[in-house]
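Notes to accompany the following structure.
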Amino acid sequence: MKQTIDELPLTKAVTDVLHQLGVKDINPAYSTGLAWGGQEGCTTKEIYSPADGNLIASVNMATAEDYEQVVKQAEEAFKVWRKMPAPKRGEIVRQIGNKLREHKEALGKLVSYEMGKILQEGLGEVQEMIDICDFAVGLSRQLHGYTMHSERPQHRMYEQYHPLGIVGVISAFNFPVAVWSWNAMLAAVCGDVVIWKPSEKTPLTAVACQHILREVLTENELPEGIFNLVIGDAEIGSLMANDTRIPLVSATGSTRMGKKVGEAVGARLGKSLLELGGNNAIIITEHADLEMALRAVVFGAVGTCGQRCTSTRRLIIHENVYEQVKERLLKIYPSLPIGHPLSNTTLVGPLIDKDAVKAFQNALEAVQQEGGNLLIGGEVLEGEQYAIGTYVTPAIVEAENHYHMVQEETFAPILYLIKYSGDVENAIELQNGVKQGLSSSIFSTNLLETEAFLSHWGSDCGIANVNIGTSGAEIGGAFGGEKDTGGGRESGSDAWRVYMRRQTNTINYGRELPLAQGIKFDIMD
Ligand code: UN1
């Protein structure tokens, strides 16, 4: 009988997973889909798990020459891929979705072990990949534009969407594979080829995905260069941002990184799709179902150890229920099981690395200096199980919205409690009173409050939810946000349009050549 993860020592389970997913002790710097490559003598980076500090495997880092090889291959592949009918490209994506289903358990475990999110969330991340594949398959039979009526007789107007070319995808450590798939699967059905630069902190899950893709590419006798992977540092990201051969760069990560990418891509008039920092709030009004709200708050604040861009960072609570909410949270937080992310009982895993722990501690120190009141948490756990130094206790701080630290996105489990009085408009003002604009939500059973929150003077975020937390969006909706979040939209709805170029076509099926706007321009000869 097969042993489950609970019966196996956790590290042994991971060894099996690496084997199943084709991750070697040392992995090459790039892949063009079928072949792997990289220069001799390049730098090698060792990847350690934030869960237990063990070396998982190493990767070679790509050089500028490696990058060049990949771009050349991608350019060639685009010429072939764009000619394949979109539903046929969809068929390839369907097969990728099926392979992901086969490898869901293994890839989910690797995501969990390399990134540190708990297994349930690792599996959820792979499920998002499967879901976007399904979405993209259906989309491959649509990719539709409008038709318009011409003012001229016997004329027809319509618009169509054509593939763009190479799409560069720069992804972050916190969703090491799902965000790439949102971009790559849509881009693929749109007829684009993709070059993926994963986070330097989590390249092994990317290597695993590349092996999964490779099976599909081989079975379908597809050429090199459709799905490419380049493992490298910020230098590779900068090459992509400045490269005129890459018409669209999609980048997920910090606002600081996004501004650099956006500036470089903008300077060459390329397109960028930016999905950057969030500073997401949940409003709890006096009409909220508090038990429901609390579940959403805790998942939003401590899920992924506060390292989702949609994590709940601020809780804006009406003064009439403030003490009650605070008391309940102070009861729940000490009971949260913190531990190895692959253990079935854990709800809070580690932070990604010690730098993140430092940032967590620094933020807590700074906010207290500003007047914040640390109610619970903020410790770095010690002892054999936590020896690696990446485990922290999630913190709750009473604070004011204008504090410098509250205005910042600290990628860690810190929840700021902010009190409001009066009506919901005051809460909305606080919610909107930050630079970022990704996700937001309100808990209330009062229609007047919830509709105000959703109105044109309500939440200014890309995502606004009612009686649902800020994190855990489904792939069917467009995902992204306003202001410092970068304005890009990925994933569902009509986000696919950014991966294509738009063309307006006017066709004359008559024997006259009337000009638009009634202009007369008769040539006498
Ligand atoms: C991210 O953190 O970059 O809504 C993406 C969510 C997930 C995606 C988060 N579906 O929390």
Side-chain angles (χ1 to χ4, degrees), residues 100 108 111-112 114-118 120-135 169-186 196-199 201-202 205-206 250-258 261 273-282 295-313 347 349 351-352 356 409-413 415 436-441 459 461-466 468-482 484-493 495:
L100 286 168
V111 166
S112 169
E114 189 183 32
M115 185 277 158
K117 64 177 68 177
I118 62 169
Q120 274 304 310
E121 293 187 280
L123 295 172
E125 171 151 5
V126 182
Q127 188 58 47
E128 283 201 34
M129 303 173 79
I130 294 168
D131 294 343
I132 199 74
C133 286
D134 287 353
F135 181 90
V169 179
I170 299 173
S171 60
F173 79 86
N174 66 331
F175 271 79
V177 287
V179 174
W180 158 75
S181 72
W182 298 352
N183 284 279
M185 297 309 137
L186 294 194
W196 178 18
K197 188 197 101 55
S199 164
K201 296 180 183 183
T202 51
T205 40
S250 169
T252 307
S254 67
T255 297
R256 203 169 54 86
M257 176 282 299
V261 170
L273 193 177
L274 301 175
E275 199 256 282
L276 311 174
N279 193 349
N280 319 297
I282 294 182
R295 281 189 55 200
V297 169
V298 177
F299 177 68
V302 310
T304 327
C305 203
Q307 299 167 107
R308 289 193 189 214
C309 53
T310 52
S311 289
T312 308
R313 311 214 175 276
L347 290 183
L351 283 168
I352 183 71
E409 178 194 44
T410 303
F411 229 50
L415 181 65
Q436 308 84 346
L438 179 57
S439 186
S440 59
S441 75
S459 165
C461 290
I463 297 169
N465 295 332
V466 174
I468 291 174
T470 56
S471 64
E474 300 178 22
I475 61 96
F479 183 89
E482 305 300 328
D484 268 9
T485 303
R489 292 295 188 278
E490 293 172 316
S491 196
S493 183

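Counting starts at 1 for both ligands and their atoms, following the listed order. Nothing fancy with the numbering, it's 1 onward along the sequence. Small disclaimer: the values here were computed from a predicted structure and weren't measured. Worth knowing before you read on, the calculation uses all heavy atoms, side chains too, and leaves out hydrogens, waters and symmetry mates.
Atoms of ligand 1 lying under 4.0 Å from at least one heavy atom of Trp182, given by number and element, are 8 (C). Counting the atoms of ligand 1 from 1 in the order shown, those under 4.0 Å from a heavy atom of Phe479 are 4 (O), 5 (C), 9 (C). If you number the atoms of ligand 1 from 1 as listed, the ones under 4.0 Å from a heavy atom of Ala473 come out as 4 (O), 6 (C), 10 (N).
Counting heavy atoms from C-beta on, the side chains of Ser171 and Pro198 come closer than 4.5 Å. In this structure, the side chains of Lys117 and Phe175 come closer than 4.5 Å at one or more pairs of heavy atoms. In this structure, Leu276 and Met257 have side chains that are in contact, with non-hydrogen atoms separated by less than 4.5 Å.
Side chain of Thr304 to backbone of Gln307: no donor-acceptor contact under 3.5 angstrom is found. When atom types are taken as modelled, the side chain of Ser440 and the backbone of Ile463 share a donor-acceptor pair closer than 3.5 angstrom. Remark: the backbone N or O of Val177 is paired with a side-chain donor or acceptor of Glu125 at under 3.5 angstrom.
Residue Thr310 has at least one nitrogen or oxygen atom sitting less than 3.5 Å from a nitrogen or oxygen atom of ligand 1, judged on distance alone. At least one N/O-N/O distance between Arg308 and ligand 1 falls below 3.5 Å. Taking any N or O of Cys309, backbone or side chain, at least one lies under 3.5 Å from an N or O belonging to ligand 1. For ligand 1, one of its N or O atoms has an N or O atom of Asn174 under 3.5 Å away. In terms of polar-atom proximity, defined here as any N/O pair under 3.5 Å, Phe175 makes no such contact with ligand 1.
The protein heavy-atom contact nearest to atom 10 (N) of ligand 1 is Glu128 OE2, 2.7 Å. In terms of protein heavy-atom proximity, atom 6 (C) of ligand 1 is closest to Gly472 N, 3.2 Å.
At a 4.0 Å cut-off, at least one heavy atom of Glu275 sits close enough to ligand 1 to count as contact.
The number of heavy atoms from other shown groups lying within 6.0 Å of CD (Gln127) is above 12.
Looking at residues two or more places apart in sequence or on another chain, you find no salt bridge (charged side-chain N to carboxylate O under 4.0 Å, His left out) involving Glu474.
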